[in-house]
Amino acid sequence: SSPLLVFLCTRVTKATKEDQAKLENLLGFLKRTMTRKLYLRAMNSRQLLAFIDAAFALHFFDSKSHTGVVITMGGVVIYLSSRKQKCIAKSPTEAELVGLTDNLGLIELFHEFLSFLFGQILPLPIIYQDSTSVISLVTRGGGVTRTKHMRARVNLGKECFDEKRALVEYCNTKMMRADGASKVLEG
């Protein structure tokens, strides 16, 4: 699904002329490109890469943040998601933490499933994150958490990475593939 369509569907309760124009632009794009074909190349790598990004307080009416996830294998996108977060984050760091921890189970499931399909244990999935604060929280622990809920998320992430069920690495915001799935990019 298109991040713009998801954004319009979750944000708009009373559409404006600007929202109408965005929707018409999106529908026009879909109509013009519906005959295009997607060609996938043979996988040269069995490394699962996940890009997770969050946009803080993106939704105007309820101030909820938005998470984008892109999972690739062999340079091919095998999963894309763009969703409003279920809880309200107090800061961009919390929004990134919520996005990361909400998707850890999914990434582990992909890893197990693909290992089963290939008949061998694949290399650990690498999760790319553009927030150094979140990487520090889930690899070193600590930090100030305002609620038991956020402390549990920090510990969930830390446990996952301590037990080597996945790896987390920094990704520059300009190289973050999930950026377009976490917010509407203008221009």
Hey, does the side chain of [X] reach the backbone of [Y] with a donor-acceptor pair shorter than 3.5 angstrom?
{"X": "Gln85", "Y": "Ala95", "value": "yes"}
{"X": "Ser65", "Y": "Ala57", "value": "yes"}
{"X": "Gln47", "Y": "Leu124", "value": "yes"}
{"X": "Thr147", "Y": "Met150", "value": "yes"}
{"X": "Asn25", "Y": "Ala21", "value": "no"}
{"X": "Arg140", "Y": "Ser136", "value": "no"}

What is the distance from atom [atom1] of [X] to atom [atom2] of [Y], rounded to the nearest 0.5 Å?
{"X": "Met176", "Y": "Asp53", "atom1": "CE", "atom2": "CG", "answer": "5.0 Å"}
{"X": "Leu137", "Y": "Asn155", "atom1": "CG", "atom2": "CG", "answer": "10.0 Å"}
{"X": "Cys171", "Y": "Ile52", "atom1": "SG", "atom2": "CD1", "answer": "11.5 Å"}

message: According to a hydrophobic-cluster definition based on side-chain heavy atoms being under 4.5 Å apart (Ile, Leu, Val, Met, Phe, Trp, Tyr only), do Leu117 and Leu106 belong together?
response: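 In one cluster: yes.
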Path from Phe113 to Ile71 over hydrophobic side-chain contacts below 4.5 Å: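 Linked, Phe113 and Ile71 end up in one cluster.
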- prompt: Applying ring-ring contact (aromatic ring centres under 6.0 Å, His included), which residue pairs with at least one partner in residues 153-173 are found, sequence neighbours left out?
  reply: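 Sorted pair list comes back empty.
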For [X] and [Y], which heavy atoms make the closest approach, and how far apart are they?
{"X": "Lys158", "Y": "Thr139", "result": "NZ-O, 3.9 Å"}
{"X": "Ile88", "Y": "Ser63", "result": "CG2-O, 4.1 Å"}
{"X": "Met175", "Y": "Phe51", "result": "O-CE2, 4.4 Å"}
{"X": "Thr33", "Y": "Phe29", "result": "OG1-O, 2.8 Å"}

query: Taking only residues two or more places apart in sequence, or in another chain, which ones meet Phe56 in a ring-ring contact (aromatic ring centres under 6.0 Å, His included)?
result: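 Phe56 satisfies ring-ring contact (aromatic ring centres under 6.0 Å, His included) with no residue once adjacent residues are dropped.
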message: Could you work out, with ring-ring contact (aromatic ring centres under 6.0 Å, His included) as the rule, every residue matching Phe110, not counting sequence neighbours?
response: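 Phe110 satisfies ring-ring contact (aromatic ring centres under 6.0 Å, His included) with Tyr79 once adjacent residues are dropped.
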- request: Might you work through the side chain to side chain contact (heavy atoms under 4.5 Å, CB included) test for Leu100 and Ile127, ending with a clear yes or no?
  value: CA-CA 9 Å; Leu100 175 66; Ile127 301 172; 3.6 Å; yes
query: Any side-chain hydrogen bond (donor to acceptor under 3.5 Å, both in side chains) pairs touching residues 106-116, not counting sequence neighbours?
result: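 Sorted result for residues 106-116: Glu108-Arg165.
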Inter- and intrachain pairs under side-chain hydrogen bond (donor to acceptor under 3.5 Å, both in side chains), touching residues 91-101, at least two apart: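 Matches after skipping sequence neighbours: Glu94-Arg146, Thr101-Arg153.
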message: Run Val69 and Ile107 through side chain to side chain contact (heavy atoms under 4.5 Å, CB included) and show every step you take.
response: CA-CA 10 Å; Val69 179; Ile107 294 162; 5.5 Å; no
task: Measure up the His59 and His66 rings against each other and bin them: parallel (under 30°), tilted (30 to 60°), perpendicular (over 60°).
output: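 Rings of His59 and His66: tilted, 30 to 60°.
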task: Please name all residues satisfying salt bridge (Lys or Arg N to Asp or Glu O under 4.0 Å) with Lys90, sequence neighbours left out, ordered by chain then number.
output: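 Not a single residue meets the salt bridge (Lys or Arg N to Asp or Glu O under 4.0 Å) criterion with Lys90.
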- prompt: Considering residues, nucleotides and ligands other than Leu167, do more than 12 of their heavy atoms fall under 6.0 Å from its CG?
  reply: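 For Leu167, atom CG is crowded (more than 12 foreign heavy atoms under 6.0 Å).
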Close side-chain approach of [X] and [Y], heavy atoms under 4.5 Å:
{"X": "Leu48", "Y": "Ile78", "result": "yes"}
{"X": "Met73", "Y": "Leu122", "result": "yes"}
{"X": "Arg83", "Y": "Asn103", "result": "yes"}
{"X": "Lys31", "Y": "Leu27", "result": "no"}

- prompt: Is the shortest distance from a Lys or Arg side-chain nitrogen in Asp62 or Lys84 to a carboxylate oxygen in the other one below 4.0 Å?
  reply: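 Between Lys84 and Asp62 there is a salt bridge, with a charged N closer than 4.0 Å to a carboxylate O.
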message: Could you go through Val138 and Leu97, starting from their C-alpha distance and side-chain angles, then the distance that decides it, and tell me whether this counts as side chain to side chain contact (heavy atoms under 4.5 Å, CB included)?
response: CA-CA 9 Å; Val138 298; Leu97 178 64; 3.9 Å; yes
- prompt: Could you walk me through whether Lys86 and Asp102 pass the side chain to side chain contact (heavy atoms under 4.5 Å, CB included) check?
  reply: CA-CA 10 Å; Lys86 292 183 180 0; Asp102 278 354; 5.8 Å; no
